[in-house]
Amino acid sequence: QVQLVESGGGLVQTGSSLRLSCTASGHTFSSYAMGWFRQPPGKEREFVAAISWSGGSTYYADSVKGRFTISRDTAKRTVYLQMNNVGPEDTAAYYCAAERSLRGVVEPIRPDYWGQGTQVTVAS
């Protein structure tokens, strides 16, 4: 059983920065591509960012490209989402996800597992 636990969400002001973390357990972390998705209020869940099993490739949604950075620390079994210059449009529940894959990421991952989510609210 794979468990993904997110942390780092909260209430922030427009233009500020925030870092989300997702710690994984129950599987071989290095065999999984990891990603972040989000679900804004009243909307469907959408892809945000992905990183390959090795960390060698990343892929971003156009809406966050240049502002958000995904990274992973294999020793800590943790994936991060650094969010800079956030705005009200980034308000959402953010979900960590894992796909068993040893390929590079050139598109959104197709999750096999999901975390429970962490809320990010950006005040204008």
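- Lys76 and Thr78 get closest at one heavy-atom pair: O-OG1, 2.8 Å.
- Contacts of Glu6 classified as salt bridge (charged side-chain N to carboxylate O under 4.0 Å, His left out), with partners at least two apart in sequence or in another chain: none.
- Among pairs with a residue in residues 10-20, those fulfilling side-chain hydrogen bond (donor to acceptor under 3.5 Å, both in side chains) read Ser17-Asn84, at least two apart in sequence or across chains.
- Pairs engaging residues 28-57 under the disulfide (SG to SG under 2.5 Å) rule: none recorded [sequence neighbours left out].
- At a threshold of 4.5 Å between non-hydrogen side-chain atoms, the residues Val120 and Leu20 count as touching.
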Exercise for the section: Decide yes or no on side chain to side chain contact (heavy atoms under 4.5 Å, CB included) for Leu81 and Val48, but give the supporting numbers first. Expected result: CA-CA 9 Å; Leu81 184 68; Val48 175; 4.2 Å; yes

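- Counting heavy atoms from C-beta on, the side chains of Val79 and Ile70 come closer than 4.5 Å.
- Of all heavy-atom pairs between Gly15 and Asn85, the closest is CA-OD1, 3.7 Å.
- Here the OG-CD1 distance, from Ser52 to Ile109, works out to 11.0 Å after rounding to the nearest 0.5 Å.
- Listed by first and then second residue, the ring-ring contact (aromatic ring centres under 6.0 Å, His included) pairs involving residues 3-24 amount to none (not counting sequence neighbours).
- The distance from the OG atom of Ser54 to the CZ atom of Arg72 is 7.5 Å, given to the nearest 0.5 Å.
- Applying the salt bridge (Lys or Arg N to Asp or Glu O under 4.0 Å) test to residues at least two apart or on different chains, the pairs with a partner in residues 48-64 are Asp62-Lys65.
- Among residues at least two apart or in separate chains, side-chain hydrogen bond (donor to acceptor under 3.5 Å, both in side chains) pairs with a member in residues 86-98 are Arg38-Asp90, Arg38-Tyr94, Arg67-Asp90.
- Evaluation of the disulfide (SG to SG under 2.5 Å) test over residues 23-79, restricted to residues two or more places apart or in two chains, returns none.
- Salt bridge annotation for Arg103-Glu99: present, with a cationic side-chain nitrogen under 4.0 angstrom from a carboxylate oxygen.
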Handout entry: Steps toward side chain to side chain contact (heavy atoms under 4.5 Å, CB included) verdict (Phe29, Met34)
Key = CA-CA 9 Å; Phe29 184 67; Met34 302 295 294; 4.0 Å; yes

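- In this view, Thr28 satisfies the side chain to side chain donor-acceptor pair (under 3.5 Å) rule with no residue, not counting sequence neighbours.
- Atom CD of residue Gln82 and atom CG of residue Leu18 lie 8.0 Å apart, to the nearest 0.5 angstrom.
- Within the structure, disulfide (SG to SG under 2.5 Å) pairs that include any residue of residues 43-95 do not occur (at least two apart or interchain).
- Listed by first and then second residue, the disulfide (SG to SG under 2.5 Å) pairs involving residues 17-118 are Cys22-Cys96 (not counting sequence neighbours).
- For Ser31, the side chain to side chain donor-acceptor pair (under 3.5 Å) criterion is met by no residue, not counting sequence neighbours.
- At distances below 3.5 Å, not a single donor-acceptor pair connects side-chain atoms of Ser57 with backbone N or O atoms of Gly104.
- Here the side chains of Glu46 and Gln39 are not in contact, with every heavy-atom distance at 4.5 Å or above.
- Listed by first and then second residue, the ring-ring contact (aromatic ring centres under 6.0 Å, His included) pairs that reach into residues 35-85 are Phe37-Phe47, Phe37-Trp114, Phe47-Tyr59, sequence neighbours excluded.
- The shortest distance between side-chain heavy atoms of Val12 and Val86 falls below 4.5 Å.
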